[in-house]
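Take a look at the structure below.
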Amino acid sequence: MEKKEILSPKAKIPGGITLSHKKNTAESETVRISPVKTVILPLVQHIGAPCEPLKKVGDRVYIGTKIADSDKPVCAPIFSSVSGTVKKIDMVTTANGNKCKAIFIENDFSDEKDPDLKPFIVKNKDDLVKAARECGLVGLGGAGFPTHIKLNISKEKPADTLIINAAECEPYITTDYRECMENPKDVLEGIYFVKEMLGIKNCIIAVEDNKPKAIKLFYDIASNVRDVNNEIKLLKLKSRYPQGAEKVLIYTALKRKVTTNKLPLDVGVIVMNVTSVAVLHRFIKTGMPLVEKRVTVDGNAVKKPQNVMCPIGTPIIDILNFAQCEDYDKVLFGGPMMGGAIEDVNAPLIKQNNAILAFKGSLAKPNEETPCIRCAKCEGVCPMRLRPREIAFAVEHNEGADVLKSLNASTCMECGCCTYICPASRKLTQRIHTAKQIIRKAGNK
Amino acid sequence: MKLYANNSPHISGKEKTHDIMLDVIIALAPLGIAGTIFFGFRALLVIAVCVASAVIGEYLFNKAIKKETTIKDLSAVVTGLLLAYNLPSAIPLWIAALGSLIAVVIVKGMFGGLGQNFANPAITARIILMVSFPTLMSSFTPVFSNTTVVSSATPIKEIGLTYGSFGGEYSMLRLFLGDYAGCIGETSALLILLGGIYLVLRKVISPIIPLSFIGTTFLFTFILSGNFKLSVAAVLCGGVMLGAVFMATDYVTSPTSNLGKLIFGVGAGIITVLIRSFGNLPEGVSYSILLMNLFTPLIEKIPSRKPFFEEA
């Protein structure tokens, strides 16, 4: 068997920062959470239109039963993650602070799967797009964009490269790494489906060099017979944050730039998260849609850091309790760089969550802001080469949408590098977020 | 249980403002020691008075305007050190203290504190002292002497007055090492360069301003005089080295973009040589930096860069 060549990045990541990886849970096998009494399934777990409930209070549902959907194009259906009864449909505050309708399902602990689930036959592109939709799949890296929209490419605008994002550049999080380690075959089978059905010639699996084991695993498996033309390649990325951000990844892998308001497809690329392709393959194989999610539970308030497989909709407090975390001052969903702080731990886990991090003491406490000394370190680390300091200043002084637009504030992806590096602990990312909202509001008038 | 719910990111780099200031203090420290060796205990006393009055001045000013104290950011210590290094060792101590108070209270505090001042506090204070006490500010003690106020000739005066005939008394090595009459911390080009290299390696400063400032001063002096030795002396003595490495690189009062830094350095070099050659002051470094400080907001208006993913 011929050994695979490992690709090196084609370009250096612009700006960025070096973080301590804190991948404490990298070697911990995924553990299934003990069954919870109630799951809460918000009707918005994706970017796009909210779903409408398909079930009423009192209805019997199974694991994998579709409970909400919408006829709007940008949307992903929602499935019950337990077997039981619809208890109520009520407003809920999600982990990111949004309020939306949610379906509460009481678990009957029988773990019955929906009897109608069966393997999904995929013969062409349309089947694959349909499969992604019927799986309820969204970008599991955190973005939550419905996958079926991304895969629905036209002949006029084809893709030549599929990039599988396994960079996982946020500290602590190891869910994608565990997917690579535990289900490498699902990842590869998923890749073949996407690649063959969409007619994409090349595939690059992008992994940071701090995960040598995952690199090795793919190296062996990708040498497998099905890849006759040697079209699946492994790209070893430098560990640097935000290496995994879509635009940054496409640039370092292919030296192609995705400009503002453009999509990866405009440069002939589709980027998929590594767990997303594996989930897609499992759905095609079994018919079981996206009803559970592996999350990394870590942080200095967690006694037993680990990767936990949870039914979607599990209240975060139950996940914390499972990892023996009782005393905490701050809880995050997602990584410490881009993740949000949860105000109410009764909020449920949603599809694109990949970590629950709990902190106490000084790690939980926000830094005090001191005056800007104009050191311009924020400009040095910005992967978009913006001027965070200037944008933040314009926001603080209410300089209005036009000034913010001229500073290209909308280009910001809120990776957090500027705030991280700021010696004065200025809340730059937060103010740029505000700047983006101001620009959006002005645009809507 | 009330949870912290601030916006992301939730981790931050270790380097904070006071760490940066501490690095500057570390880079400046050898100059104080050298100054004490060259000019005696009196130099150390001036340094101590300047630093103490800068810190106490800032503390009391914060108290007076009911603001939280800012002395722990160590910027007042840096200001005090820089002012002391720009004074002759024989300066009356009350003038040294007054200078520090002008720097931290008037130039910095009254404009809103750290980050808000439009001009470098130490430079501005030094200029105010020079205008107010011209004789005392230019009475230098010779090196390794225990006399108090003895007006000693400095090489910088020769550069200003006798263009084309510099040479005689001072070897280049002496000018490089720093054992000649001058302000407490400005004489040793060697130690200033070492401090500058430390700051560049620690990524506290960018080398653009020091290199362009020093390079321009050398080149422009050479163009005007045609004398290579004099042009080397022009950067080794006087305030060019100290100014270019430690004062012109002040974040608050210098441009942030690379192009802006280059303009700042070249501009400061040209103004320095013009004052030295055609003005009736022996030295022009302080004024050149102050003038470029004032130009900084204008230089910052030059569009410096496009967002990365916008470029073709």
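Below, each value reflects all heavy atoms present in this structure, side chains not excepted, and no hydrogens, waters or symmetry copies. In what follows, chains carry the letters A, B, and so on, assigned in the order in which the sequence lines appear, proteins first and then strands, with residues in each chain numbered from 1.
Heavy-atom pairs under 4.5 Å with chain B were tallied for A/L386, A/L363, A/N408; the largest tally goes to A/L386. When each of A/G339, A/P371, A/C422, A/G340 is scored by its heavy-atom pairs under 4.5 Å with chain B, the top score falls to A/G339. Among A/T411, A/T260, A/D344, A/V331, the residue making the largest number of heavy-atom pairs under 4.5 Å with chain B is A/T260. Annotation: maximal heavy-atom pairing with chain B below 4.5 Å, among A/R389, A/E379, A/H433, A/K262, occurs at A/E379. Among A/A424, A/A364, A/A376, A/C418, the residue making the largest number of heavy-atom pairs under 4.5 Å with chain B is A/A364. Of the residues considered (B/S8, B/G113, B/A5), B/S8 shows the highest number of contacts with chain A, using heavy-atom pairs under 4.5 Å.
In this structure, the portion of B/T296 lying under 4.5 Å from any heavy atom of chain A is its side chain and not its backbone. Both the backbone and the side chain of B/I11 have a heavy atom closer than 4.5 Å to some heavy atom of chain A. Contact annotation for A/Y251: only side-chain heavy atoms (C-beta onward) come within less than 4.5 Å of a heavy atom of chain B. Interface remark: A/M338 contributes backbone atoms only to the contact with chain B (heavy atom separation under 4.5 Å). In this structure, no portion of B/S206 lies under 4.5 Å from any heavy atom of chain A. In this structure, no portion of B/E68 lies under 4.5 Å from any heavy atom of chain A. Only the side chain of A/P171 comes within contact range of chain B, with heavy atoms under 4.5 Å apart. Heavy-atom distances place the side chain of A/K377, and not its backbone, under 4.5 Å from chain B.
Between atom CD1 of residue A/I342 and atom CG of residue B/L3 there is a gap of 8.5 Å, rounded to the nearest 0.5 Å. Separation of atoms CD (A/E390) and OG1 (B/T256) is listed at 6.5 Å; rounding is to 0.5 Å. Of the inter-residue distances, the one linking A/C375 atom SG with B/K203 atom NZ reads 13.5 Å to the nearest 0.5 angstrom.
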Quick one: do A/S425 and B/K16 satisfy side-chain contact (heavy atoms from CB on, under 4.5 Å)? Show the steps, please. CA-CA 8 Å; A/S425 305; B/K16 295 293 159 203; 3.1 Å; yes
**OP:** Check the pair B/N6 / A/K427 against side chain to side chain donor-acceptor pair (under 3.5 Å), numbers first and verdict last.
**Re:** CA-CA 10 Å; B/N6 61 302; A/K427 294 171 184 149; over 6 Å; no
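Annotation: side chain of B/I20 is in contact with side chain of A/I373 (closest heavy-atom distance under 4.5 Å). Side chains of B/P307 and A/R385 form no contact here, defined as non-hydrogen atoms less than 4.5 Å apart.
Using modelled atom types, no side-chain atom of B/H10 and backbone atom of A/L332 make a donor-acceptor pair closer than 3.5 Å. In this structure, the side chain of A/R374 does not engage the main chain of B/D250 through any donor-acceptor pair within 3.5 Å. No donor-acceptor pair under 3.5 Å is formed between the side chain of A/T419 and the backbone N or O of B/P9.
The environment of B/Y59 atom OH is sparse: at most 12 non-hydrogen atoms of other residues, nucleotides or ligands sit within 6.0 angstrom.
Comment: A/E368 does not engage B/K72 in a salt bridge, judged by the lack of any side-chain N to carboxylate O separation of less than 4.0 angstrom.
The heavy-atom pair separating B/Y4 from A/K330 by the smallest distance is O-CG, 3.5 Å.
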